[in-house]
Amino acid sequence: MSESERHITWLSRNRCPTFDACVHLGRSTAEVCRDVYEKPTQALLSQIDPKLRFGRDYGELRPEHPHCRESIVRLDFEGFMGQAIGEARRSLATGNKGYGAVVVLGERVLGVAHDTAVSEHDPSLHAEMNAIRMAVKNSGDTNLCGAVLFSTCEPCPMCTALAIWANVTAIVFGASIEQTAELGRTRILLNAQEIVSRAPNWVEVFGGVLAEECLELYR
């Protein structure tokens, strides 16, 4: 349907055994396809390039439509991390601790936030927590399958667990827990990869995106 250097969209009209089975069993194709196929498809794409992200329009699927609309987009990891860094600077300006996060689905930004634990007197209000809550509200869905969480710093165990329960597909961070701990930040020394390795659903973890720029926030 459309193609550029960063984005390709197509309509699938091919014979599909999953679609046939859903019709036969009275199951929702949106639920089955998202639960069964979306993350494995992304896993294959990530072997080619982690910035390539698979998407399916769940408002335009068979049998309600004569086709399924699907796409691949090349995400600008550095660009979205730059947005998170901007949020972290706003955090520092408001007396908070300097963390920023962005949630992206396809090319749509669903949530942009910084930590507000100090200013709102609530220790749970980390940047990732605020961004995921905003993303869920804006999408109208607690299932963020396909979404990517960008954070200036590797999410703590609480925020990594929330990302798992929200079913995001990937976590992308700048500075690591170990790096910020070395700079004197109080951290729980349990990295995101170890937590997701024990999770019931698959979540990718990529670190080191604009790491130096992120570390400057914490020096």
Side-chain angles (χ1 to χ4, degrees), residues 1-3 7-75 80 101-113 128-151 155 158-172 192-193 195-206:
M1 297 301 294
S2 63
E3 184 174 0
H7 188 278
I8 180 171
T9 299
W10 66 92
L11 303 181
S12 293
R13 297 190 177 96
N14 55 300
R15 176 72 184 274
C16 176
T18 301
F19 168 69
D20 294 341
C22 286
V23 171
H24 179 71
L25 297 171
R27 296 290 302 275
S28 164
T29 53
E31 291 180 6
V32 171
C33 290
R34 180 160 66 173
D35 290 347
V36 176
Y37 293 120
E38 182 156 325
K39 286 195 171 184
T41 303
Q42 181 57 56
L44 175 63
L45 271 182
S46 294
Q47 291 184 48
I48 302 169
D49 183 348
K51 294 182 179 181
L52 296 176
R53 313 309 296 180
F54 173 74
R56 182 181 285 116
D57 186 342
Y58 289 99
E60 198 167 331
L61 289 181
R62 295 176 283 185
E64 289 79 10
H65 296 268
H67 55 256
C68 300
R69 180 180 290 269
E70 299 169 326
S71 63
I72 296 173
V73 60
R74 184 185 298 277
L75 282 191
F80 289 117
V102 179
V103 178
V104 179
L105 180 61
E107 295 180 290
R108 181 186 174 195
V109 174
L110 295 178
V112 182
E128 300 92 339
M129 178 81 71
N130 289 337
I132 289 172
R133 285 175 171 170
M134 185 183 297
V136 167
K137 182 177 180 180
N138 287 335
S139 68
D141 193 346
T142 57
N143 187 342
L144 297 178
C145 183
V148 180
L149 169 65
F150 291 88
S151 179
M158 176 183 73
C159 293
T160 300
L162 178 60
I164 291 167
W165 296 130
N167 200 31
V168 303
T169 296
I171 295 170
V172 179
Q193 185 61 61
I195 295 171
V196 302
S197 71
R198 300 169 183 240
N201 47 313
W202 179 76
V203 179
E204 299 171 292
V205 179
F206 305 105

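Here the rule is side-chain contact (heavy atoms from CB on, under 4.5 Å) with V109, and of N138, V103, V102 only V102 fits it. Checking T29, D57, N14, L61 one by one against C68, the side-chain contact (heavy atoms from CB on, under 4.5 Å) holds for a single residue, L61.
Pairs of residues two or more places apart, or lying in two chains, that qualify as salt bridge (charged side-chain N to carboxylate O under 4.0 Å, His left out) and include a residue from residues 60-73 are R56-E70, E60-R69.
Of all non-hydrogen atoms in L144 and A135, the two that sit nearest each other are CD1-CB, 4.1 Å. Of all heavy-atom pairs between G59 and H65, the closest is O-NE2, 3.1 Å. The shortest heavy-atom contact between R15 and D20 is NE-OD2, 2.5 Å. Of all heavy-atom pairs spanning W165 and P200, the tightest one is CZ3-CG, 4.0 Å. Smallest separation of non-hydrogen atoms from T9 and S71: OG1-CB, 3.7 Å. Of all heavy-atom pairs spanning L105 and G146, the tightest one is CD1-C, 3.4 Å.
Side-chain contact between R74 and D49 is present, with heavy atoms from C-beta onward closer than 4.5 Å.
Distance check, rounded to the nearest 0.5 Å: CG of D35 to CZ of R27 gives 8.0 Å. Rounding to the nearest 0.5 angstrom, the gap separating the NE2 atom in H7 from the CE atom in M1 is 11.5 Å.
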Exercise for review: Kindly determine whether L149 and E128 satisfy side-chain contact (heavy atoms from CB on, under 4.5 Å), including the steps that lead there.
Suggested key: CA-CA 8 Å; L149 169 65; E128 300 92 339; 4.1 Å; yes
Check your understanding: Step by step, would you call K39 with V203 a side-chain contact (heavy atoms from CB on, under 4.5 Å)?
Key -> CA-CA 9 Å; K39 286 195 171 184; V203 179; 4.2 Å; yes
Practice item. Apply the test side-chain contact (heavy atoms from CB on, under 4.5 Å) to residues T18 and V36: give CA-CA distance (whole Å), side-chain angles for both, the deciding distance (0.1 Å), then the verdict. Key: CA-CA 10 Å; T18 301; V36 176; over 6 Å; no
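A donor atom on one side chain and an acceptor atom on the other are not found under 3.5 Å apart for T169 and Q42.
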